[in-house]
2 protein chains.
Amino acid sequence: MRELGSSQPTAVELEILRILWELGSSPVREIHARLAEAKGTNYSTTVKMLSVMLTKGLVKRNEDATPHIYRAAMTRERAAKKFLTELIEKVYDGSAMSLVLQALASGKASKLEIDEARKLLDEMEGKS
Amino acid sequence: MRELGSSQPTAVELEILRILWELGSSPVREIHARLAEAKGTNYSTTVKMLSVMLTKGLVKRNEDATPHIYRAAMTRERAAKKFLTELIEKVYDGSAMSLVLQALASGKASKLEIDEARKLLDEMEGKS
DNA sequence: TTGACTTAGCGAAACCTTTCGCTTACATTG
DNA sequence: CAATGTAAGCGAAAGGTTTCGCTAAGTCAA
């Protein structure tokens, strides 16, 4: 038995999560509209994917409502943190904060973002 | 046809890459020793995985030597950057530096790492 | 050269993810 | 209550990853 919520979401799963993060709680039809736009897949496929994701604990749903309303089980921020932690764990052997930053460093970061980042580092230092 | 080097490495692939990053260039036997230690898989499996990864462009090898010597096609740093960029692209819609930092923020980061990070931010600012 | 051992590779099985056809259930409206 | 349209779900096909058995080729020492 697979542990709930323990696995990296697969490609399509991540795509659906992102739709849910953007749209907020939504019925299948709306999720499907977005997914089909990007991939041209069938309605059944979306339903099935959501059911798989439900089993894996990646999404939750309200079954009282009709149609059922789905939502992401994690916030985008939590997910980002989780994926990132796993990434670091897998690529390096755990703590590798500065190296990850280095990875980011070549990307485009606005002045604003850099300032925000500084603030964050200050906070982090306070805590540790 | 799949573009070379365009896909996220799968679980086992990443495991092998990490072994190669740690060990440096190595013959199958040594890679296998490490992999088997962690997973208990067969020698054939390691050979096959390496051949798959060769096709995908994730590893390279020197065929003149016997036994063949494999090496990672990317440095750990490059890979980390690539994966991270893809992660950001997928979880957010691109640039999300501060959010990624936030993701990191709750993790354990040493004073040293935080200082290094600050230096990096200074450099980044200089460039932009 | 033969036998024992190491290395390389193929092809298929096993397994997981993604896709969809088809069926059943539900709701609405004439 | 039909008839029509929407929603949910199952099971199997299609496609990708991971595993390994088996074969063949290469190496080395007696």
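The sequence lines fix the lettering, A, B, ..., with proteins before strands; numbering per chain opens at 1. Below, all heavy atoms of this structure are taken into account, side chains as well, without hydrogens, waters or symmetry copies.
Between the base of D/dG11 and the side chain of A/K48 there is a donor-acceptor pair shorter than 3.5 Å.
Comparing D/dT19, C/dT19, C/dG21 by their nearest atom to the side chain of A/S44 picks out C/dG21. Ranking D/dT18, C/dG21, C/dT19 by closeness to the A/N42 side chain, first place goes to C/dG21. When each of D/dT18, C/dT19, C/dA8 is scored by its nearest atom to the side-chain atoms of A/M49, the top-ranked nucleotide is C/dT19. The side chain of B/P67 has C/dT7 as its nearest neighbour among C/dT7, D/dG9, C/dC20.
Here D/dT18 presents its C1' atom at 10 Å from NZ of B/K56, a figure rounded to the nearest Å. Separating the CG atom of A/D64 from the P atom of C/dC26 is a distance of 14 Å, rounded to the nearest angstrom. A/Y43 has its OH atom 10 Å from the P atom of D/dG9, to the nearest Å. The nearest whole Å value for the distance from the CD1 atom in B/I69 to the P atom in C/dA8 is 9 Å. Protein atom CD of B/E63 is 13 Å distant from nucleotide atom P of D/dG26, rounded to whole Å. We find that NE2 of B/H68 is positioned 10 Å from P of D/dG26, with the value rounded to whole Å. In this structure, CD1 of A/I16 is placed 12 Å from C1' of C/dT19, rounded to the nearest angstrom. In this structure, B/E13 atom CD and D/dT17 atom C1' are separated by 8 Å, rounded to whole Å.
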Report the C-alpha distance between A/E22 and A/R18 in whole Å, list the side-chain angles of each, state the deciding distance to 0.1 Å, and finish with yes or no for salt bridge (charged side-chain N to carboxylate O under 4.0 Å, His left out). CA-CA 6 Å; A/E22 277 171 30; A/R18 226 181 79 173; 3.7 Å; yes
Worked check of salt bridge (charged side-chain N to carboxylate O under 4.0 Å, His left out) between B/E86 and B/K82: CA-CA 6 Å; B/E86 273 174 47; B/K82 185 164 163 303; 3.2 Å; yes
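Listed here is the closest heavy atom pair of B/P9 and B/E13: CA-OE1, 3.3 Å.
For DNA chain D, the residues of residues 25-40 of chain B within the heavy-atom distance limit of 4.0 Å (strictly under) are B/K39, sorted by number.
For the pair B/E15 and A/K90, the salt-bridge criterion is not met [side-chain N within less than 4.0 Å of a carboxylate O].
No side-chain heavy atom of A/V28 sits under 4.5 Å from any side-chain heavy atom of A/H68.
Contact annotation: B/T66 side-chain N/O to C/dT7 OP1/OP2 distance is not under 4.0 Å. The shortest distance between the side-chain N/O atoms of A/T45 and the OP1/OP2 oxygens of C/dT18 is not below 4.0 Å.
Linking ILVMFWY side-chain heavy atoms closer than 4.5 Å, directly or via other members, places A/V52 and A/Y70 in two distinct hydrophobic clusters.
Evaluation of the side-chain contact (heavy atoms from CB on, under 4.5 Å) rule for B/R71 yields B/S25, B/K60 as partners, not counting sequence neighbours.
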